[in-house]
Enquirer: 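Here it is, the structure, as structure tokens.
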Amino acid sequence: MKEYNHLKIEKKWQKYWEEKKTFKAKNDGKKFYSLIEFPYPSGSGLHVGHIRSNTAMDIISRKRRMEGYNVLYPIGWDAFGLPTENYAIKTGIEPAKVTKQNTDTFRKQLKTLGFSFDWSREVNTTDPAYYKWTQWIFLKFLEKGLAYKAKSYINWCPSCKIGLANEEAVGGICERCGTETIKKEKEQWMLGITKYADRLDKDLDFVDYPERVKTQQRNWIGKSEGALIKFDNIEVFTTRPDTIFGATFIAVAGKENRFTGRYVTNPATKENVPVWEVDYVMEDYGTGALMGVPAHDERDFEFSKKYKLPVKTVVERLSINATGQSKPKDDLPFIERNCVDVIVKHWSLNKYLCLQWKKVDWRTFVTGGIEKGQTPEEAARMEVREETGYTDLKFIKEIGVYHSKFYHGPKKVNKFAHFHGMYFELQSDIQEEVIAEEKEKHELHWVDYDKVISFIKDDENAMGWNLLTNESFSVFTGEGILVNSGKFSSLTSQEAKKQITEFVGGKMVTKYKLRDWIFSRQRYWGEPIPVIFCAKCGIVPVSEKDLPVELPKVKNYQPTDNGESPLANISKWVNVKCPKCKGPAERETDTMPNWAGSSWYYLRYTDPKNKKEFASKKNLKYWLMPKQGFGGVDWYNGGMEHTTLHLLYSRFWHKFLYDLKLVPTPEPYRKRTSHGMILAEGGDKMSKSKGNVINPDDIVKTYGADTLRLYEMFIGPFEQSVAWNTESIIGSRRFIEKVWRIGANISAESSLPGSLSPRARGALPLGPSACETPCQENSAFIKKLLHKTIKKVSEDIENMRFNTAVSSMMILTGEMEKMESIDIKDYKKFLKILAPFAPHITEEIWQSLGEKKSIILSSWPKWDESLIKDTEIKIMIQVNGKVRAEIMVGIDAGEAEIKDKALKDEGVLKHISGKDVKKVIYVKNRLINIVV
RNA sequence: GCCCGGAUGGCGGAACUGGUAUACGCGCACGACUUAAAAUCGUGUCUCGCAAGGGAUGUGGGUUCGAUUCCCACUCCGGGCACCA
């Protein structure tokens, strides 16, 4: 590991980049904006887990630069400042000092790793120069009526003595210390995020986020469309107004289930229904009251069972065949028919009577129409007798009614069938003769209980069976066809919703789970809310020229016992003159949450030193204007833990600023990705308390920064969590040394120190491929592999598949090392694609090969498709799906030729001789499968 | 309870759209070089079998000429939401 002094080399290049500022914009013609979610200061320091996403973004950013883009890749600090505060409280060191200390350490660590941040755009969100603008934006919210004071419950942690936001007290447990929280009522500042709920939901359609992130955001917003309907003086919210005829009680929020003794009128049926207090109804969702529809809601059903309330079915199942042979034909009208679907149990075995149709691929129970004047039971008996001959039937029960729209192949018509599911048990095998015509239609099967579902195959045909055997089908919560609903009967749920809502005088509304954002914190560390309370003038905003309202220097920033902010005790700071009337007034002592500064820091990156505005319009436009889709930050990588709150909050702020015409795009981020965590060696989360934290400095000291970077990328799929393993890191180091060795060997003029010992040099010559084949062929082979690798690495970086990119470069160097000589141009191309991964060592080799400019100023190599194309391809030959041989054929060999060659192959003949070749399947450029 | 991921050698993991399962790396074993060690290079390394062959991608089934990949059921692990009418 001491063949060259990697630490020296890395230091040399860190310094070089610092001085030359190689990473400054070099091409204004194109633009790109990549963003990293920075590592935030915490007590435990930066660990290898933090480094991973930075490395990934650094690789992308370096590649972009080589592709000629102007890259904005800034660095920010402490937007998620909570850990600092937390650590400060624990240690008693002043938060500002902790931040300063940590920031310096981290800055040094990040530089060591060679990240190509644009340090001149550094943003520190806890700096008053920055949070001035956070306060300024808050005042805009206030001006537009989106910031308001309201009574609200806070979760108070008796141990931390801190009021917690909802997200910090999940399930009533303090996220910081695990203590159970207490609810306290308090006047709090709120931000009206619910006004943006609809747009925050809708605009997800236009951004490039992973599907799961979108889903999580949508769930959080919780949009649902329904109706407000009055039952006398009680208004309920329901998403299922179509079930109102089945509403047999009204449930209002309460602590226990006790009947209130009151009755109200169901506006649809005009019947009186009882009003119950119910513990599963939430006071703050919808209207705090709901209509109980036991037949079509599981909780209502449970409740009605317990208190013996009537269950009234008003919606029946409807299935429409969407695909395949039974899909209704568009040009045919539907023929409605009442039918029976008859399930018949065997007289002694646990088997059931099923039919396999002969003319179509249908598997059903006995079915048929109900003739005029027949009861369903009579019809069922008749059908069983006609189709199967069995007569000794005992009627057990009617299973239910379900509807189906399908195309009846044998009869060539669209059918709209209303099935009555009928269940019989056969008493004996007494059987009459079945007429020939019926026998032609289908064949009879007795199917085992547990095979029925797989025999019937089609879900819709198995509806009767599911209703009979599966309890979860007992409450139908889906949409279907209305029954017992007066003039709305036979409408579909979809059709009925609007009509019924109108009929009962209700109105359609959209509700969200999302609540307005509680924006106050009773803590020291946060931007003070820039508001003054005056006895005469009320709430007065601090004027813009007095911003920022800075945090006062305090001795004790610990939270108070009474739930007030620590700032409340500092009368010097609190007591001010009212800006309007100059009378005595008091400052707001609440501060903003850590999410505030992080909601817009990316905007400041475009113009971090601006003193007049939070960022100039010109800069915002340059970096954010749509390149694709909605525009915004081109690429934002961050941890999964921020996919709901932070992402949603910053989207909200951005949209608000967009409405004020202060930012040019309606969405902040065009593309969002998330990295998986690096876990400690045991697979646990890294944490200081567990003592399993891997410090990047230690790794760098032993293996070098390039090795660490490579390993972080190689260790596993980027979006997946992986456990760290220090043992494996040596592989990445060996790879780098191999690259170095090839570089040292490649040219006599190379100024690289002779990295190969004479012994190793002696051992090197040049594996079998170098000796056995002529040199020219070798060089063509390497060229081809190189171009394949360029393609692979280029594409893999874009898709964040760094692990396979590294792997393919390892394969290439493995082959290169076997060669007697390598074209220096080819080797340089390889260095270029490796450069983003291992910037220091590639830079050193690059310049030792006579290059004067930094490798990052060179251009990203292009691959040549014609070189990649194979002239001969390998075709696998399978016999009955098993690989038996392989043949080489020319790229443009015809199918017949290949098949012919395959059938004559010795290895194949062994397996097919004496057997009939039934079928030969040829998959282009891949394989031949011979079926015998 | 609901929603979303995942499960492949001793280990991290690879496999394009259903087409050679285990690339690449680690570890291990053997060999070369060396007085020796380290480093480096080479060979081998899923499993049963002497071989021909057979069996393996969490478990069980299905579709297919062919399934790690698609479908159904289940087990375990991870993440998110949780009386949302």
Side-chain angles (χ1 to χ4, degrees), chain A residues 1-3 170-171 210-213 215-216 218-220 222-224 226 236-240 243 251 278-282 284-293 297-300 450-451 453-454 457 459 511-514 640-641 643-644 676 683 710-711 714-717 719-732 734-735 737-738 741 756-768 795 801 803-811 814 817-818 874-886 910 918-921 923-932:
Chain A
M1 219 182 278
K2 281 173 190 159
E3 294 197 350
V170 176
E211 237 4 87
R212 61 187 165 144
V213 171
T215 314
Q216 269 187 45
R218 288 213 160 96
N219 288 344
W220 195 265
K223 182 177 178 170
S224 62
V236 301
F237 173 68
T238 177
T239 56
R240 294 297 303 276
T243 64
V278 171
D279 60 2
Y280 67 76
V281 175
M282 288 176 37
D284 57 353
Y285 185 78
T287 60
L290 59 83
M291 61 181 204
V293 185
D297 181 280
E298 271 171 44
R299 280 166 331 199
D300 296 348
D450 49 3
K451 298 253 167 67
I453 280 286
S454 58
K457 281 200 288 195
D459 266 357
K511 290 263 172 210
Y512 301 91
K513 278 196 263 180
L514 190 71
M640 273 309 272
E641 71 271 22
T643 50
T644 42
L710 266 164
Y711 184 58
F714 183 62
I715 189 166
E719 66 288 354
Q720 212 174 284
S721 294
V722 263
W724 178 265
N725 182 354
T726 304
E727 214 182 38
S728 302
I729 199 172
I730 189 69
S732 303
R734 283 182 189 146
F735 167 64
E737 298 214 348
K738 195 180 280 190
R741 260 198 319 274
L756 300 178
S757 66
R759 287 176 205 140
R761 199 186 292 274
L764 241 188
L766 320 163
E795 291 172 352
R801 297 158 55 123
N803 52 335
T804 49
V806 174
S807 151
S808 67
M809 288 190 285
M810 283 174 166
I811 294 170
E817 197 172 30
K818 287 180 194 159
K874 191 158 68 170
I875 301 277
M876 305 309 303
I877 309 174
Q878 300 182 334
V879 179
N880 285 345
K882 289 219 153 66
V883 179
R884 299 298 184 189
E886 56 186 61
K910 205 160 77 183
K918 279 190 195 146
K919 208 173 173 184
V920 179
I921 294 147
V923 183
K924 196 161 188 268
N925 297 347
R926 292 247 174 227
L927 57 76
I928 283 186
N929 192 9
I930 301 164
V931 186
V932 294

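Just so you know, these numbers come straight off a predicted model, no measurement behind them.
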Enquirer: Please tabulate the protein-to-nucleotide N/O contacts below 3.5 Å involving nucleotides 6-15 of chain B, giving atom names and distances.
Expert:
| residue | atom | partner | partner atom | Å |
| --- | --- | --- | --- | --- |
| B/G12 | O2' | A/Ile715 | O | 2.6 |
| B/A14 | OP1 | A/Asn803 | ND2 | 2.9 |
| B/A15 | OP1 | A/Arg801 | NH2 | 2.4 |

Enquirer: Pick the closest RNA chain B nucleotide for A/Ser807 and for A/Ser224 by heavy atoms, then say which residue is nearer the 5' end.
Expert: A/Ser807
Enquirer: Could you measure between the two C1' atoms, the one in B/G5 and the one in B/G19, and give it in whole Å?
Expert: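 The answer is 27 Å between these two C1' atoms.
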Enquirer: How many Å lie between CD1 on A/Ile729 and P on B/G27, as a whole number?
Expert: 12 Å
Enquirer: To the nearest Å, give me how far apart CD (A/Gln878) and P (B/G66) are.
Expert: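 Whole-Å distance recorded here is 10 Å.
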Enquirer: Nearest whole angstrom, please: distance from the P of B/C83 to the CE of A/Met282.
Expert: 6 Å
Enquirer: Please give the nucleotide sitting opposite B/G78 as a Watson-Crick or G-U wobble pair, both distances under 3.5 Å, or none.
Expert: B/C4
Enquirer: Measure the spacing between CZ of A/Arg734 and CZ of A/Arg741 and express it to the nearest 0.5 Å.
Expert: 10.5 Å
Enquirer: Is any side-chain nitrogen or oxygen of A/Lys882 closer than 4.0 Å to OP1 or OP2 of B/A52?
Expert: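 Negative; the distance criterion is not met.
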Enquirer: Taking only the side-chain nitrogens and oxygens of A/Arg884, find out if one of them lies under 4.0 Å from OP1 or OP2 of B/U20.
Expert: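 Checking A/Arg884 against B/U20: no side-chain N or O falls below 4.0 Å of OP1 or OP2.
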Enquirer: Rounded to the nearest Å, what distance is computed from the CD1 atom of residue A/Ile877 to the C1' atom of nucleotide B/C65?
Expert: 15 Å
Enquirer: Would you indicate, yes or no, if B/C83 has its OP1 or OP2 atom less than 4.0 angstrom from a side-chain nitrogen or oxygen of A/Lys513?
Expert: no
Enquirer: Both distances under 3.5 Å, Watson-Crick or G-U wobble: report the partner of B/U34, or none.
Expert: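 Across any shown strand, B/U34 pairs with none.
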Enquirer: If only side-chain N and O atoms of A/Arg926 are considered, is one of them under 4.0 Å from the OP1 or OP2 phosphate oxygen of B/G18?
Expert: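 It does not, given that no N or O in the side chain of A/Arg926 lies less than 4.0 Å from OP1 or OP2 of B/G18.
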Enquirer: OP1 or OP2 of B/G78 versus the side-chain N and O atoms of A/Arg212: is any pair under 4.0 Å?
Expert: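 For B/G78, neither OP1 nor OP2 has a side-chain N or O of A/Arg212 closer than 4.0 Å.
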Enquirer: Remember a base hit wins even if backbone is also touched, and classify A/Lys223 as base, sugar-phosphate or nothing at under 4.0 Å, heavy atoms.
Expert: nothing
Enquirer: How close or far is atom P of B/C24 from atom CE of A/Met809, stated in whole angstroms?
Expert: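 The answer, rounded to whole Å, is 15 Å.
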Enquirer: Nearest whole Å is fine: how far is B/C4 P from A/Asn219 CG?
Expert: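 In whole Å, B/C4 P and A/Asn219 CG are 10 Å from each other.
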Enquirer: Quick one: does A/Asp297's side chain have a donor or acceptor within less than 3.5 Å of a partner on A/Gly292's backbone?
Expert: no
Enquirer: Can you give me the closest heavy-atom contact between A/Val236 and A/Thr287, atom names plus distance?
Expert: CA-OG1, 3.4 Å
Enquirer: Does a donor on one side chain sit under 3.5 Å from an acceptor on the other, for A/Asn725 and A/Tyr711?
Expert: no
Enquirer: Nearest to the side chain of A/Thr239, which nucleotide is it out of B/A21, B/G25, B/A85?
Expert: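 Of the candidates, B/A85 comes closest.
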Enquirer: Using a heavy-atom cut-off of under 4.0 Å over every strand shown, decide if A/Ile811 touches base, sugar-phosphate, or nothing.
Expert: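 A/Ile811: backbone/sugar contact only, no base atoms under 4.0 Å.
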Enquirer: State the pairing partner of B/C46; accept Watson-Crick or G-U wobble contacts with both distances under 3.5 Å, and report none otherwise.
Expert: B/G55
Enquirer: How many whole angstroms separate atom CG of A/Asn929 from atom C1' of B/G19?
Expert: 9 Å
Enquirer: If you take all heavy atoms of A/Tyr285 and A/Tyr512, which pair is closest and at what distance?
Expert: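 Scanning both residues completely, I find the closest heavy atoms to be CE1-O, 4.0 Å.
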Enquirer: So which nucleotide does B/A21 pair with, by the Watson-Crick or G-U wobble rule with both distances under 3.5 Å?
Expert: none
Enquirer: How would you label the contact of A/Val920 with the nucleic acid (heavy atoms, under 4.0 Å): base, sugar-phosphate, or nothing?
Expert: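 No contact.
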Enquirer: Between B/G19 atom P and A/Lys924 atom NZ, what is the distance in whole Å?
Expert: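 The distance from NZ of A/Lys924 to P of B/G19 comes to 16 Å, rounded to the nearest Å.
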Enquirer: Which atoms form the tightest heavy-atom contact between A/Asn803 and A/Pro717, and what is the distance?
Expert: ND2-N, 3.6 Å
Enquirer: If anything within 90° of 0 is syn and all else is anti, what is B/G31?
Expert: anti
Enquirer: With side-chain contact (heavy atoms from CB on, under 4.5 Å) as the test, would you mind laying out the steps for A/Ser728 and A/Phe714 before giving the verdict?
Expert: CA-CA 10 Å; A/Ser728 302; A/Phe714 183 62; over 6 Å; no
